[in-house]
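Please read the structure below before turning to the comments.
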Amino acid sequence: MMRLSRIIVLFTILLSAKSAGVVASEAAIAIVVAQNSTIESISKRELIDVFMGRFDVLESGQKVQPVDYVNGSALRANFYRALVGKSERQINAYWSRLIFSGRAKPPAQVDSISESVEFILTNNTALSYIPVSNVSEEMKIVLVLE
């Protein structure tokens, strides 16, 4: 009985922390642009359209250039799982079909978070994703994925 009450207390603490955003923020992915970018926000639907090669212009008329990570990046895998519920393998297959058919051009790819940050800071239309903990004053968060 004592063990059950400890489990209930632990569960209650974890649930409270999650609802306060403490646990969820560890896995949160920030969609960022440069601070001087004219892009102020983006909907999840627009983000899907941009990163899946459907559009390169937002509903507001602003041109956008997505920045992705190379294959094998854990951040990339987490991003696509949160964005469209697909594995990296499924995303790679999707892009292979689009590229082969000539229907779309994949996002620019970088090797690291620092390269991604450098890319968006030198290009006002660039849009990338990084862990929330890596966001700096030079960037503007336009959406957060949990």
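As the structure is a prediction and not an experimental result, all values here were calculated from the model. FYI, the numbering just counts along the sequence from 1.
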Between the main-chain N or O of Pro107 and the side-chain N or O of Gln65, is there a donor-acceptor pair closer than 3.5 Å?
no
For residues 50-59, run the donor-acceptor check on the side chains, cut-off 3.5 Å, and write out each pair with its distance to 0.1 Å, sequence neighbours left out.
{"from": "Arg54", "atom 1": "NH1", "to": "Asp49", "atom 2": "OD1", "distance (Å)": "3.2"}
{"from": "Asp56", "atom 1": "OD2", "to": "Lys63", "atom 2": "NZ", "distance (Å)": "2.8"}

With a 4.5 Å limit on heavy-atom distance, are the side chains of Pro106 and Asp68 in contact?
no
List the residues meeting side chain to side chain donor-acceptor pair (under 3.5 Å) with Glu138, not counting sequence neighbours, and say none if there are none.
Ser136
Ser73 versus Glu88, closest heavy-atom pair with distance:
N-OE2, 4.1 Å
Indicate the atoms forming the closest heavy-atom contact of Pro131 with Ile113, along with that distance.
CD-CD1, 3.6 Å
Is it true that a side-chain atom of Ser37 and a backbone atom of Asn124 form a donor plus acceptor pair closer than 3.5 Å?
yes
Within-4.5 Å side-chain heavy-atom neighbours: Leu47 and Leu127:
yes
Do you know the tightest heavy-atom contact between Gln90 and Gly85?
OE1-O, 4.4 Å
CD1 (Ile42) and OG (Ser60) are apart, to the nearest 0.5 Å, by 8.5 Å
Keeping to residues at least two apart or across chains, list the ring-ring contact (aromatic ring centres under 6.0 Å, His included) pairs with something in residues 101-123.
none
Indicate the atoms forming the closest heavy-atom contact of Asn92 with Arg76, along with that distance.
OD1-NH1, 3.2 Å
The single option from Leu145, Ile29, Leu83 that satisfies side chain to side chain contact (heavy atoms under 4.5 Å, CB included) with Asn78 is Ile29
Ignoring hydrogens and geometry, is there a side-chain-to-backbone donor-acceptor pair from Gln35 to Met139 under 3.5 Å?
yes
State yes or no: do Ile48 and Trp95 share one hydrophobic cluster built from I, L, V, M, F, W and Y residues joined by side-chain heavy-atom distances below 4.5 Å, directly or via other members?
yes
Those residues at least two apart in sequence (or on a different chain) that pass side chain to side chain donor-acceptor pair (under 3.5 Å) with Thr38 are Gln62
Say whether, by atom type as modelled, one donor and one acceptor occur between the side chain of Tyr94 and the main chain of Lys86 under 3.5 angstrom.
no
Report the C-alpha separation of Val64 and Ile39 in whole Å, then their side-chain angles, then the decisive distance to 0.1 Å, and conclude whether the side chain to side chain contact (heavy atoms under 4.5 Å, CB included) test is met.
CA-CA 9 Å; Val64 65; Ile39 300 169; 4.0 Å; yes
Apply side chain to side chain contact (heavy atoms under 4.5 Å, CB included) to Ile130 and Val135, showing your working.
CA-CA 7 Å; Ile130 61 174; Val135 175; 3.9 Å; yes
List the atom of Val32, the atom of Ile120, and the distance in Å for their closest heavy-atom pair.
CG2-CD1, 3.6 Å
Shared ILVMFWY cluster between Ile99 and Tyr80, side chains joined below 4.5 angstrom?
yes
Rounded to the nearest 0.5 Å, what separates atom OG in Ser112 from atom OH in Tyr69?
7.5 Å
With side chain to side chain contact (heavy atoms under 4.5 Å, CB included) as the criterion, how do Tyr129 and Val144 come out once you've worked through the C-alpha distance, each side chain's angles and the decisive distance to 0.1 Å?
CA-CA 9 Å; Tyr129 55 93; Val144 175; over 6 Å; no
For a quick test of reading the model, state the closest non-hydrogen atom pair linking Val67 to Ser116 and the distance between them.
CG1-OG, 4.1 Å
Under a 3.5 Å cutoff, is there a donor and acceptor pairing between the side chains of Ser101 and Arg103?
yes
Taken in chain and number order and not counting sequence neighbours, the residues that satisfy side chain to side chain donor-acceptor pair (under 3.5 Å) with Thr122 are none
Side-chain heavy atoms under 4.5 angstrom apart, residues restricted to Ile, Leu, Val, Met, Phe, Trp, Tyr: same cluster for Ile141 and Phe79?
yes
Please list all pairs meeting salt bridge (charged side-chain N to carboxylate O under 4.0 Å, His left out) that have one or both residues in residues 109-131, counting only residues at least two apart or in different chains.
none
Please determine if Lys140 and Glu40 form a salt bridge, counting it only when a charged side-chain N lies under 4.0 Å from a carboxylate O.
yes
